[in-house]
Every structure is written in C-alpha cells, then in structure tokens.
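The structure displayed is predicted, hence computed values, not measured ones.
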Amino acid sequence: MFQRSLDGLVAFLTCLFPYLPEVEALRYLDAAGADALVAARLIVNRRGMEQSFVVDSGATVITAEIALRCAAVADRHTR
C-alpha cells in the first residue's frame, strides 16, 4: 500500500510539472515529508516559477485536477 501511495504522489507531481523527472519528484517529496502540496510549493520556489505559476488561475486549477486524476490512477483508486 505504501508503494501505491508513493506512486500516486509522484504521478501527481509529474503531471503537475510535466518536465519533472520521477527521481526529482521523489527528492522533493522526501524534502516535504511526503506532502504533495508542500513538494509542489518547493518545486515552484526552487525553479523560480513564482511569477508564472499562479495557484488560482484557471489553467493551474485544470492542471491540478488532471494531476489528481493521474495520481488516483497511479494509486489504483479509480472506480
């Protein structure tokens, strides 16, 4: 179960940030204590994306929804 949850977290980050390699997603998750939202914030900050990554923009909301669906599929929680 742990591996499936980790797969879901990695899928969320790599869908949200398409150019993020899985190994980097794992590093960010490790630094964030396995909190996907904290990891996403770290990615935005460390990659200097503060100006281009607007949390409440329509594009970001849609991308986050898709990323959540990717995470659900990776975690095998789809119906």
Side-chain angles (χ1 to χ4, degrees):
M1 182 187 288
F2 172 79
Q3 185 62 47
R4 286 192 339 214
S5 295
L6 184 60
D7 291 345
L9 293 170
V10 170
F12 174 76
L13 290 176
T14 56
C15 271
L16 192 59
F17 303 100
Y19 297 106
L20 181 71
E22 286 185 14
V23 69
E24 280 189 53
L26 287 167
R27 288 183 189 139
Y28 282 115
L29 284 166
D30 185 47
D35 185 320
L37 295 179
V38 172
R41 194 71 197 148
L42 285 172
I43 293 165
V44 168
N45 288 340
R46 290 187 182 167
R47 291 184 170 215
M49 300 170 61
E50 293 90 351
Q51 300 297 322
S52 61
F53 192 88
V54 180
V55 175
D56 59 353
S57 75
T60 302
V61 170
I62 291 169
T63 304
E65 288 175 2
I66 292 168
L68 286 171
R69 289 183 188 150
C70 289
V73 169
D75 197 22
R76 296 179 187 97
H77 279 102
T78 57
R79 296 173 194 224

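- At a threshold of 4.5 Å between non-hydrogen side-chain atoms, the residues Leu29 and Asp35 do not count as touching.
- Tyr28 has its side chain within reach of Leu20: a pair of non-hydrogen atoms, C-beta onward, lies under 4.5 Å apart.
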Could you give me the CA-CA distance, side-chain angles and deciding distance for Glu24 and Arg47, then say whether salt bridge (Lys or Arg N to Asp or Glu O under 4.0 Å) is met? CA-CA 12 Å; Glu24 280 189 53; Arg47 291 184 170 215; 2.9 Å; yes
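- Between Ala32 and Ala39 the shortest heavy-atom distance is CB-N, 3.5 Å.
- Here CG of Leu16 is found 12.0 Å from CD of Glu65. Values are rounded to the nearest 0.5 Å.
- Here the closest non-hydrogen pair linking Leu13 and Ala25 is CD1-O, 3.9 Å.
- Residues Leu26 and Leu9 are not in side-chain contact: their nearest non-hydrogen atoms beyond the backbone lie 4.5 Å or more apart.
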